[in-house]
Amino acid sequence: MKLFFRKQEYIILLYRLFLAYAFYFIARVLFFLYNYDVLEVHSVGEFFKLSYYGLAFDTAAILYVNSLFIVLSLLPLRLTVSSWYQKLLFYVYFVTNLIGYAFNYVDFIYYKFNFARTTLSVLEGVENEANKTAMFFRFMVSYWHVYLLFVLVSMLWIYLYKRVKMKPSAHRLSTVTYYMSSLIGFVVIATLIVGGIRGGDFKKSTRPINLVDASKHVKKMEQADLVLNTTFAFIRTFGNNSFKKVDYDISDEEIQFYIKPIKHYKNNPPTKPNIVVIITESMGREYLGAFNKDIGVENYVSYTPFLDSLAQHSLIFPNAFANGAKSIHGMSSVLSGIPSFVDAFTSSSYSNQKIQSLVSVLNDLDYDTSFFHGAPNGSMGFLGFSNILGFDHYYGMEEYGNDDDFDGSWGIWDEPFLQYMKSTLDHKQQPFFSTVFTVSSHEPFKIPKKYDGKFPKGHIKMHEPVGYTDYAFKQFFNAAKKEPWFDNTIFVITADHPNQVYYDEYNKVINRRAVPILFYKSDGSLIGVDNELAQQIDIYPTLMDLIGYDKPFRSWGRSLVSDDGVVPFAINHNASQYHMLRGNYICTFNGKNATGFYDINDKSLENNLIANRTPEMDETEKACKAFLEDYFERIVDKKLSLEQ
């Protein structure tokens, strides 16, 4: 009897898997074409070299997604070649593959907003949205070309799949031979699959590849996102918990020296001014002229005339950075001094604990505390986290009570909602602390129809709504300054994260987290330009210092108005690595070791100086380790309040 070791089945299986590789390559090409201006790839040869390195990540993604299909294809059943079984395999193949494949198409557009491959954390931004269906159809209309591309490419994939069909075999093996050959084939293929998922490495001592491994093959950080694919990024973050204690062998004394997590200021007498913190949706530092005077951008244009004028009478920080990439990250960083890195702290199981924050401290000082957000109540997870922080009042779209001012996408237009906030504050007993999170300066980049033509269109879609939100601020301040509470109020204006980028300076990987920080008081006591490094988590301790809070409190940030012995720094996480800016250097850190040191002005991370380490570089790495060790320990051990 002529042995037939299921040769046809194995060949067709390999063909079908090869198709997946081909279409992942097509997705990589399209991803590059949509985002070529921010990926720092400057030649065809460089693109193919990065694509070659990407094969390991494509392999892992394809094998993860096709594991059920492969098992069903290899079952030792003679009916696997039958037409009905092949039809079953067809549906299993395309249901799983097209779902996984679709994630890559999301990043054709979303990448320029997030500057990282989409991971499971993207669900943090939509899980609390009541209008998910409306959002989906709005995106479908706005980005119809991406949906069309996905449909056309999927149709081509299906066509090529059907071109090669299984034919009934004329040969039949004995039962024993059939099962033995199938078992051998299964073991061999399973072994190859395990190796493929692990990145081609069979060593027990080597962990499976992760997102950070994409950075091993690149000269610039941005290129790692071309090596990766979104399917892999999503799968590898599924079920992961980044909130785990780390041990870098950093002593308590070193944590105290580098970070000083417990602050205690005695620089100002205790006072009780009102405090209003404005967290502006997507208002990157790039858009504000007052924050860009000295960066040397040719033909620079500002889109914020009011904020530029207000900055002349304010204390501003033109070298400030967001600690996270999403709106909810900004809320926790600004109000509680708790940044988010790989995953949002607010979406973790550790968020529901007692947290010392601006809110809790001011509640103890008998402030009336309130949070305003013009979106449907609960959107972005703000309502839940505001309850954890302990705000006395939450004012959302429901409390606003007039859907005629709904922008059709996210919430109430900024101008009327800020006026609503002002009117609400007019009736509060002083002192009060209020935070507002704006909504209008965001995709789909619209403004109220009555203002068509009023604000410059600019060079990108974001510029016009930035002008509208700036105008809304002007109307708010013009109305508020007529009220008796205005002169006794400290105003803080910042942003949750940047958005669309026009100037090359802000396409640099570090500047993708650049935000404004502004403090204003009508008596002129807060005025000037401070070019020291600053970050969102500095806002909380700065306000504690300004009001003369005379008790110890937890803060990983520092006061921006006095020297508390902590060297100015900024820390955040981009794609697969932490970035610590401190002194003369930027340190990139993969969670275990420093992977690079760059001059503080090398915001593109082009010239890695790690081969010539200096004592200051060692200090910067230690500061990064000290921060992360204390950060994870306090979160995991629930020590975010001094009472615990």
Run the side-chain contact (heavy atoms from CB on, under 4.5 Å) test against Ser314 and tell me which residues pass, sequence neighbours left out. Leu310, Ile316, Leu518, Tyr520

Starting from the C-alpha separation in whole Å, work towards a yes-or-no answer on side-chain hydrogen bond (donor to acceptor under 3.5 Å, both in side chains) for Ser441 and Ser282. CA-CA 6 Å; Ser441 46; Ser282 301; 5.6 Å; no

Is the side chain of Asp308 donor-acceptor paired with the backbone N or O of Leu288 at a distance under 3.5 Å, no angle test? no

Is it the case that over 12 heavy atoms from other parts of the model lie below 6.0 angstrom from the CG atom of Asp426? yes

Gap separating the OG atom of Ser340 from the CD atom of Gln536, nearest 0.5 angstrom: 10.0 Å

Are side-chain N/O atoms of His264 and Asp550 paired as donor and acceptor at under 3.5 Å? no

How about Thr304 and Asp470: does a side-chain donor come under 3.5 Å of a side-chain acceptor? no

Give, for atom OG1 of Thr424 and atom NE2 of His393, the distance between the pair rounded to the nearest 0.5 Å. 10.0 Å

Note, Leu307 side chain near Lys474 side chain (heavy atom, < 4.5 Å): no

With under 30° as parallel and over 60° as perpendicular, where do the rings of Phe491 and Phe486 fit, or are they tilted in between? tilted

Taking the six-membered ring of Phe321 (Phe, Tyr or Trp), confirm whether the NZ or CZ of Arg285 is under 6.0 Å from its centre and within 45° of its axis. yes

Would Asp563 and Arg558 pass as an ion pair if we require N to O under 4.0 Å? no

For Asp538 and Ile517, what are the C-alpha separation, side-chain angles and deciding distance, and is it a side-chain contact (heavy atoms from CB on, under 4.5 Å)? CA-CA 10 Å; Asp538 294 335; Ile517 294 180; 5.6 Å; no

Once rounded to the nearest 0.5 Å, what's the spacing between atom OG1 of Thr346 and atom CD1 of Ile328? 4.0 Å

Parallel, tilted or perpendicular, as decided by the 30° and 60° cut-offs, for the rings of Trp485 and Phe432: perpendicular

Flag the pair Tyr540 / Phe553 as yes when their ring centroid distance falls below 6.0 Å, and as no otherwise. yes

Quick one about Gln430 and Asn274 (side-chain donor to acceptor, distance below 3.5 Å, no hydrogens or angles considered), yes or no? yes

Give the intermediate values and the outcome of ring-ring contact (aromatic ring centres under 6.0 Å, His included) for residues Phe317 and Phe291. CA-CA 8 Å; Phe317 296 85; Phe291 289 77; 8.9 Å; no

Does either side chain, that of Ser562 or that of Asp545, offer a donor lying less than 3.5 Å from an acceptor on the other one? yes

Checking salt bridge (Lys or Arg N to Asp or Glu O under 4.0 Å) for the pair Glu616/Arg582: CA distance, chi angles, key distance, verdict? CA-CA 9 Å; Glu616 186 180 351; Arg582 184 181 185 271; 5.8 Å; no

Kindly determine whether Phe417 and Tyr395 satisfy ring-ring contact (aromatic ring centres under 6.0 Å, His included), including the steps that lead there. CA-CA 10 Å; Phe417 193 75; Tyr395 300 97; 8.7 Å; no

Taking the side chain from Gln356 and the backbone from Ser336, do they hold a donor-acceptor pair closer than 3.5 Å? no

Side-chain heavy atoms of Thr280 within contact of Thr494, under 4.5 Å: no

Donor-acceptor under 3.5 Å (Asp392 side chain, Thr369 main chain): yes

Testing Tyr258, Phe632, Tyr631, Phe589 one by one against Tyr248 for a ring pair (Phe, Tyr, Trp, His ring centres under 6.0 Å), which residue passes? Phe589

Using ring pair (Phe, Tyr, Trp, His ring centres under 6.0 Å) as the criterion, point out the one residue from Phe437, Phe391, Phe433 that pairs with Phe371. Phe391

Can you check whether Glu633's main-chain N or O pairs, donor with acceptor, with Lys639's side chain at less than 3.5 Å? no

Strictly distance-based, threshold 3.5 Å: is any side-chain N or O of Tyr265 a donor or acceptor partner for the main-chain N or O of Asp564? no

Might you work through the salt bridge (Lys or Arg N to Asp or Glu O under 4.0 Å) test for Lys521 and Asp487, ending with a clear yes or no? CA-CA 7 Å; Lys521 200 166 188 300; Asp487 289 334; over 6 Å; no

Presence of salt bridge, Arg613 and Asp618, under 4.0 angstrom: yes

NZ-NZ distance between Lys638 and Lys354, expressed to the nearest 0.5 angstrom: 14.0 Å

Test side-chain hydrogen bond (donor to acceptor under 3.5 Å, both in side chains) on Glu286 and Asn499 and set out the steps. CA-CA 9 Å; Glu286 173 182 359; Asn499 201 293; over 6 Å; no

Is the side chain of Lys625 donor-acceptor paired with the backbone N or O of Asn593 at a distance under 3.5 Å, no angle test? no

Between the side chain of Tyr549 and the main-chain N/O of Pro541, is any donor-acceptor distance below 3.5 Å? no

Go through the structure and list residues passing side-chain contact (heavy atoms from CB on, under 4.5 Å) with Asp602, not counting sequence neighbours. Tyr598, Asp599, Ser604, Glu606, Asn607

Ionic contact status for Glu505 with Lys603, cut-off 4.0 Å: no

Flag, side chain of Ser555 to backbone of Gly557, donor-acceptor distance under 3.5 Å: yes

So, Ser333 side chain and Gly330 main chain: donor-acceptor pair closer than 3.5 Å or not? no

With a 4.0 Å cut-off, would you call Arg634 and Asp630 a salt bridge? yes

Donor-acceptor pair between Asn511 and Tyr503 side chains, under 3.5 angstrom: no

Do Arg512 and Pro498 have side chains that approach each other closer than 4.5 Å (heavy atoms only, starting at C-beta)? no

Spacing of Ile255 atom CD1 and Lys622 atom NZ [to the nearest 0.5 Å]: 11.5 Å

Asn572 side, atom CG; Leu581 side, atom CG - distance, nearest 0.5 Å: 7.0 Å

So, for Tyr420 and Tyr400, is the gap between ring centers shorter than 6.0 Å? yes

Give a yes or no on whether Asp249 atom CG has more than 12 heavy-atom contacts from other residues, nucleotides or ligands under 6.0 Å away. no

Quick one: does any side-chain atom of Ser379 pair with a main-chain N or O of Ala375 as donor and acceptor, under 3.5 Å? no

Any heavy-atom pair between the side chains of Gln535 and Ile571 that's under 4.5 Å? yes

Criterion side-chain contact (heavy atoms from CB on, under 4.5 Å) on Asp368 and Gln429, from CA distance to verdict: CA-CA 7 Å; Asp368 179 287; Gln429 183 175 342; over 6 Å; no

Do Thr588 and Thr595 have side-chain atoms, one donor and one acceptor, less than 3.5 Å apart? yes

Is there a side-chain contact (heavy atoms from CB on, under 4.5 Å) between Lys422 and Glu483 once you walk through the steps? CA-CA 9 Å; Lys422 178 263 173 190; Glu483 304 300 331; 2.8 Å; yes

Verify side-chain contact (heavy atoms from CB on, under 4.5 Å) between His329 and Asn323, making sure each step is shown before the conclusion. CA-CA 7 Å; His329 298 181; Asn323 295 106; over 6 Å; no

